[in-house]
Amino acid sequence: MTSLVQPVRVFIDPVEGTPAAVEARRWVWPLLILALCVSASGTLFSLRWDATPDVIRELQASGEMSTISEADLSDKIQTASRKALVGGIAKGVFVMPFMALLLAAMLWVVSWLFDRPVHFEKLMSVAAIALLPIALYHLILTGCLAAQHTVSVSRVLQLVPSHLGAFLGELSPKMARVASTVDFFNLWSTALLGLGFSAATGMPRTRALLLSLALYVMFAGVMMVGLPGSAGGGQ
């Protein structure tokens, strides 16, 4: 029971709870919670998603709408729904644990660069605990999806307005991507990452928090602003 209580304590008392969970190397339960919450939101989205408008929009953009039969259109809609279901589950079961492992590996490189040797299992705990706010986001999203009859992709993005862009009204695509980086759950994760890295390596807490913020700025600049912009300007 202690192995579950310690990670959950991070939500109540992150300043004391995060170092305690890192020292105890608690990473299994945080990863299980993350995988379960992300899989739940992905599954419920696939069940609530009305794929018809999105599939028709895609076919119109590609010029296939005028030549496709009604039976083929129905097959494409069913295929899109099945892909959403499989993708939602796979994201929770495979993608999120892999992201945690990748984050732990990056932290190991950073600790090596700063000459702060640390056991990899502690860094895995830091990564898993830092992703708990993302699990909470998906848990809230699951509850919101459960209250919907049908949803679209654009509607899902508005169900949990946690980033700055949700409160600024109409923005250009570029500014919308920049505003989306100022996200409550992402910044919460960044703070936990700094607290955990400080506990794992002995780095001063303020320095570790600034380091984690710098890492998030680099990540957001590439993955949330740069790549979506080069791919066509979508969020």
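Quick caveat, the model's predicted, so the values are computed rather than measured.
The aromatic rings of W188 and F184 sit tilted relative to each other, their planes meeting at an angle between 30° and 60°.
Put simply, L44 and L85 are part of two different groups of oily side chains (I, L, V, M, F, W, Y) that touch within less than 4.5 Å, one to the next. Transitive grouping of hydrophobic side chains (ILVMFWY, heavy atoms separated by less than 4.5 Å) brings M203 and F120 into a common cluster. Under the 4.5 Å side-chain heavy-atom criterion for grouping Ile, Leu, Val, Met, Phe, Trp and Tyr, L215 is not connected to L213 through any hydrophobic cluster. Linking ILVMFWY side-chain heavy atoms closer than 4.5 Å, directly or via other members, places V10 and L36 in two distinct hydrophobic clusters.
Put simply, CG on L47 and OG on S81 are 9.5 Å apart, with the number rounded to the nearest 0.5 Å. A distance of 9.0 Å separates CG of L32 from CH2 of W27, quoted to the nearest 0.5 Å. Taking CZ of F185 as the start and NE2 of H138 as the end, the distance is 10.0 Å to the nearest 0.5 Å. To the nearest 0.5 angstrom, T43 atom OG1 is 4.0 Å from I89 atom CD1. One finds the CZ atom of R48 at 9.5 Å from the OG1 atom of T150 (value rounded to the nearest 0.5 Å). Residue T201 holds its OG1 atom at 15.0 Å from NE2 of H119, rounded to the nearest 0.5 Å.
Just one of L139, V156, L159 meets the side chain to side chain contact (heavy atoms under 4.5 Å, CB included) condition when paired with C144; it is L159.
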